[in-house]
**Student:** 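Structure in structure tokens, see below.
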Amino acid sequence: MLEIKNLVVQIEDKRILNGLNLTVNKGEVAAIMGPNGSGKSTLSYVIAGKEDYEVLDGEILLDGQNLLEMEPDQRAAAGVFLAFQYPLEIPGVGSMTFLKAAMNAQRKSRGEGELSTPDFIKQVNAAAAKLEMNKDMLKRALNVGFSGGEKKRMEILQMALLQPSFCILDETDSGLDIDALRIVSEGVNALRSPDRAFLVITHYQRLLNHIVPDTVHVMHGGRIVRSGGKELALELEANGYADYRESEAA
Amino acid sequence: MPAVQETIDQVRSIDVDQYKYGFETEVEMEKSPKGLSEDVIRFISAKKGEPEWMLQWRLDAYKRWLTMTEPSWARVSYDKIDYNDIYYYAAPKKNPAPKSLDEVDPEILKTYEKLGIPLREQEILAGVEPERRVAVDAVFDSVSVATTFKEELAKAGVIFMPISEAIREYPDLVKQYLGTVVPVTDNFFATLNSAVFTDGSFVYIPPGVRCPMELSTYFRINEKNTGQFERTLIIADKGSYVSYLEGCTAPKRDENQLHAAVVELIALDDAEIKYSTVQNWYPGDAEGRGGIYNFVTKRGDCRGKNSVITWTQVETGSAITWKYPSCILRGDNSRGEFYSIAVSNGMQQVDSGTKMIHLGKNTTSRIISKGIAAGKSENTYRGLVSAHRKATGARNFTNCDSLLIGNQCGAHTVPYIESKNATAVFEHEATTSKISEDQMFYCQQRGLSEEEATALIVNGFVKDVLQQLPMEFAVEAQKLISISLEGSVG
Ligand SMILES: Nc1ncnc2c1ncn2[C@@H]1O[C@H](COP(=O)(O)OP(=O)(O)OP(=O)(O)O)[C@@H](O)[C@H]1O
Ligand SMILES: [Mg+2]
């Protein structure tokens with residue numbers, strides 16, 4: 001599904017990704033763990049197409065399509081979804097207005113007509129209920145004045161409504177309380193399907209107790225330095241990243 | 001979001017050329033000699049068949065104007081205007097005062113058709129609910145070419161006609177009110193207008209009457225090197241109500257053209273006037289060539305107790321906008337409101353705002369201003385709120401927000417507050433924000449194109465003000481705003 005080969009990326013002359021290789025298959029949930037500043041968010045932005053990053057080498061293929069040649073909205077239409085580590089606030093734009101605009105934009109890219117308002121409201125209500133979201137929140141401007149945890153839930157709500165095929169979750173667990181962590185994880189698990197893949201970026205095993213990954217990758221210094229099964233996360237939890245730091249020093 | 005989609009489609013359908021009203025109409029025109037002199041003023045007055053007192057009024061204004069200097073305090077810059085290089089009067093040669101639509105030059109009728117302004121009552125009547133109808137006064141350069149629904153309005157006692165006609169038919173009403181809100185000596189441009197004004201609308205709503213339909217005037221500048229000097233006078237007598245809308249467009253030209261209007265509103269006891277403007281004069285090209293210089297004096301007098309005047313403006317056009325629709329809150333308990341969306345793109349310069357002058361007791365005012373600057377434009381809000389000694393209990397709420405698109409434009413807020421009464425309460429809020437690249441990326445990540453994202457954010461920014469417009473016009477205005485911002489991102 002997603003294939004990244006020898007990706008080299010810099011920003012303002014600072015190299016952040018150094019020949020990164022990663023493959024995520026259809027139906028797979030891949031977790032990425034790694035110390036602060038190792039380039040995890042950068043990787044997610046580059047997949048989604050954020051402007052500021054300069055790709056010096058390598059390629060990113062989604063189902064064979066070259067993502068690097070596409071605009072961010074085209075990548076979204078191709079199925080890429082990024083749940084942001086820090087979701088943006090959009091003052092003046094109601095959450096419902098935003099959701100409807102996004103859903104209709106994606107429908108349009110698939111050649112479908114606009115959603116009717118009753119259908120739209122039905123879908124949002126159903127998805128919001130599953131995530132146990134407070135409806136009053138949806139009446140406010142998008143993410144404006146939302147708590148950290150509320151913003152994260154809003155990201156997952158959007159994911160549930162847009163039904164993307166490749167989902168990146170960048171530290172969705174940070175800022176969530178214990179109940180919210182379970183509810184959001186259930187939301188993610190409900191979306192797991194043979195046609196959909198996930199890239200779950202996290203620092204903690206506790207999220208992976210809920211969303212059990214198929215593979216775990218360790219990122220360090222802008223590269224995937226080790227890959228394994230779900231037990232790798234437990235090992236990291238016990239030992240930290242000391243081994244990797246030493247190997248770098250050596 | 002159908003509104004957003006509509007906006008986008010609208011924008012797409014207009015290619016390189018964003019200003020779609022820039023065409024010219026070929027009609028033979030009769031003009032005054034170029035330049036300004038007593039003779040030109042006599043020429044205009046004679047063309048209009050005016051009584052002697054009106055001519056005298058104009059000549060007095062002209063004498064006064066000769067002693068005045070152009071104001072320079074606004075945050076706008078432009079080459080010196082040569083007032084002798086302008087035609088002050090231009091009217092279709094063939095029948096400048098048509099009695100019915102059949103007498104109007106077909107080319108002019110086509111113009112209004114192209115502009116989407118309905119002038120045929122039968123067509124308007126078909127399939128439109130009575131309360132949704134709009135009566136139109138169509139002003140083409142210096143003359144009114146058609147006024148619709150006159151008879152039906154007359155049945156309700158409403159007078160709606162070109163001001164030049166009103167001067168002949170209702171001289172007493174005109175004499176009683178003209179120049180009582182904006183005195184002849186008010187300011188350079190208002191004085192100039194008093195000397196040379198050509199057409200505009202006159203509205204009188206008798207006591208207790210709720211005007212049975214929306215009234216509107218559509219101003220079109222067509223002729224080259226011609227200034228438009230419209231004069232509008234609206235009087236709402238005791239306990240009456242009227243909603244009035246003004247629209248305007250002009251052809252695309254490399255030279256600048258002057259538009260210096262005066263609008264006076266008078267609301268007597270318990271009366272209410274809503275005055276809305278969708279200003280879409282030609283803004284000039286990307287390099288700042290051409291476009292209308294819009295120097296306008298608009299003022300409303302809440303003369304009676306409990307009266308209300310509301311100004312709503314959507315300003316997207318003109319190379320330069322210099323305009324401060326104001327309210328004099330003279331009557332006790334009177335209320336003034338100002339809702340404004342001012343969009344500037346390219347090289348446009350906007351200096352606009354309002355004045356709320358609290359004179360009476362318990363008078364209230366509300367100012368909501370939304371400025372959107374894109375391209376290399378400059379967008380200034382300038383507002384005065386003042387309470388005089390007797391204005392016990394005066395209250396004002398002001399909210400001024402600016403949105404910047406890109407980083408070559410400027411937004412400025414210049415509020416003046418003067419209070420001579422200790423009980424007055426004035427509140428002022430102001431914000432400036434920018435559509436950030438991160439917000440744009442976030443929207444695009446959800447599948448919205450750059451254009452769709454901009455439209456969404458801008459619509460969100462202006463919606464409080466759009467809600468103040470009559471519904472049909474709100475939709476138009478929303479489209480217009482997006483068109484004006486076309487090409488402003490990226
Ligand atoms: N705009 C920028 N200019 C300069 N350096 C940047 C920029 N953006 C990111 N970086 C640097 O790139 C490196 C990787 O950042 P990134 O956000 O990808 O890390 P991360 O792995 O997501 O960290 P965390 O676990 O803290 O979220 C960091 O050293 C960061 O300071
Ligand atoms: Mg990160």
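Letters go in sequence order (proteins before strands), and every chain restarts at 1. Quantities reported herein were computed from a predicted structural model and do not represent experimental measurements.
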**Student:** Select, from Pro87(A), Ala78(A), Pro72(A), the one with the greatest count of heavy-atom pairs under 4.5 Å involving chain B.
**Tutor:**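 Heavy-atom pairs under 4.5 Å are most numerous for Pro72(A).
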
**Student:** Please indicate whether Arg15(A) has more than 12 foreign heavy atoms, meaning atoms of other residues, nucleotides or ligands, lying under 6.0 Å from its CZ.
**Tutor:**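 No.
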
**Student:** Is any side-chain heavy atom of Glu452(B) closer than 4.5 Å to a side-chain heavy atom of Lys108(A)?
**Tutor:**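 Side chain of Glu452(B) against side chain of Lys108(A), heavy atoms only: contact under 4.5 Å found.
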
**Student:** Please list all pairs meeting salt bridge (Lys or Arg N to Asp or Glu O under 4.0 Å) that have one or both residues in residues 60-82 of chain A, counting only residues at least two apart or in different chains.
**Tutor:**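 For residues 60-82 of chain A: Lys26(A)-Asp63(A).
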
**Student:** Hey, mind stepping through Gln445(B) and Gln158(A) against side-chain contact (heavy atoms from CB on, under 4.5 Å) and telling me if it holds?
**Tutor:** CA-CA 11 Å; Gln445(B) 207 307 298; Gln158(A) 293 179 51; over 6 Å; no

**Student:** From Ile457(B) CD1 over to Leu142(A) CG, what is the distance, rounded to the nearest 0.5 angstrom?
**Tutor:**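 With rounding to 0.5 Å, CD1 (Ile457(B)) is 10.0 Å from CG (Leu142(A)).
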
**Student:** Checking heavy atoms, do the side chain of Ala48(A), its backbone, both or neither come under 4.5 Å from chain B?
**Tutor:**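 Both backbone and side chain of Ala48(A) come within 4.5 Å of chain B.
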
**Student:** Heavy-atom count around Arg395(B) CZ within 6.0 Å, excluding the residue itself: above 12?
**Tutor:**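 No, because the 6.0 Å sphere around CZ of Arg395(B) holds 12 heavy atoms or fewer from other groups.
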
**Student:** Taking the side chain from Gln439(B) and the backbone from Glu89(A), do they hold a donor-acceptor pair closer than 3.5 Å?
**Tutor:**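 Yes; judged by distance alone, with no hydrogens or angles, the pair exists.
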
**Student:** Do Leu88(A) and Phe441(B) come close enough that some side-chain heavy atom pair is under 4.5 Å?
**Tutor:**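 No - every pair of side-chain heavy atoms lies 4.5 Å or more apart.
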
**Student:** Under the criterion side chain to side chain contact (heavy atoms under 4.5 Å, CB included), which of Asn459(B), Val458(B), Leu456(B) is the partner of Val93(A)?
**Tutor:**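 That would be Leu456(B); it is the only one of Asn459(B), Val458(B), Leu456(B) passing the side chain to side chain contact (heavy atoms under 4.5 Å, CB included) with Val93(A).
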
**Student:** Where does Leu162(A) contact chain B at under 4.5 Å (heavy atoms): side chain, backbone, both or neither?
**Tutor:**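 Just the side chain, heavy atoms under 4.5 Å.
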
**Student:** Can you confirm whether more than 12 heavy atoms, excluding those of Lys434(B), are under 6.0 Å from its NZ atom?
**Tutor:**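 Counting neighbours around NZ of Lys434(B), more than 12 heavy atoms of other residues, nucleotides or ligands fall under 6.0 Å, so yes.
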
**Student:** Report which part of Gln74(A) has an atom under 4.5 Å of a heavy atom belonging to chain B: side chain, backbone, both, or neither.
**Tutor:**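 Neither; nothing under 4.5 Å.
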
**Student:** For a side-chain contact (heavy atoms from CB on, under 4.5 Å) check, start with the C-alpha distance between Leu99(A) and Arg446(B), then their side-chain angles and the critical distance, and finish with the verdict.
**Tutor:** CA-CA 9 Å; Leu99(A) 291 174; Arg446(B) 298 307 186 241; over 6 Å; no

**Student:** Looking at residues at least two apart in the chain, or sitting in another chain, which of them share a salt bridge (charged side-chain N to carboxylate O under 4.0 Å, His left out) with Asp136(A)?
**Tutor:**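 With neighbours one apart ignored, the set is Lys139(A).
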
**Student:** Which pair of heavy atoms, one from Gly447(B) and one from Ala105(A), lies closest together, and at what distance?
**Tutor:**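 Gly447(B) and Ala105(A) have their closest heavy atoms at O-CB, 3.4 Å.
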
**Student:** Hey, could you give me the CD/CG distance between Gln106(A) and Leu448(B), rounded to the nearest 0.5 Å?
**Tutor:**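 If we round to the nearest 0.5 Å, Gln106(A):CD and Leu448(B):CG are 8.5 Å apart.
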
**Student:** More than 12 heavy atoms of other residues, nucleotides or ligands under 6.0 Å from NZ of Lys463(B): is that the case?
**Tutor:**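 Yes, the 6.0 Å shell around NZ holds more than 12 heavy atoms from other groups.
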
**Student:** Does some side-chain heavy atom of Tyr442(B) sit less than 4.5 Å from a side-chain heavy atom of Asn143(A)?
**Tutor:**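 Contact flag for Asn143(A)/Tyr442(B) side chains = yes.
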
**Student:** Please say whether more than 12 non-hydrogen atoms of neighbouring residues, nucleotides or ligands are located less than 6.0 Å from CZ in Arg107(A).
**Tutor:**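 Counting neighbours around CZ of Arg107(A), more than 12 heavy atoms of other residues, nucleotides or ligands fall under 6.0 Å, so yes.
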
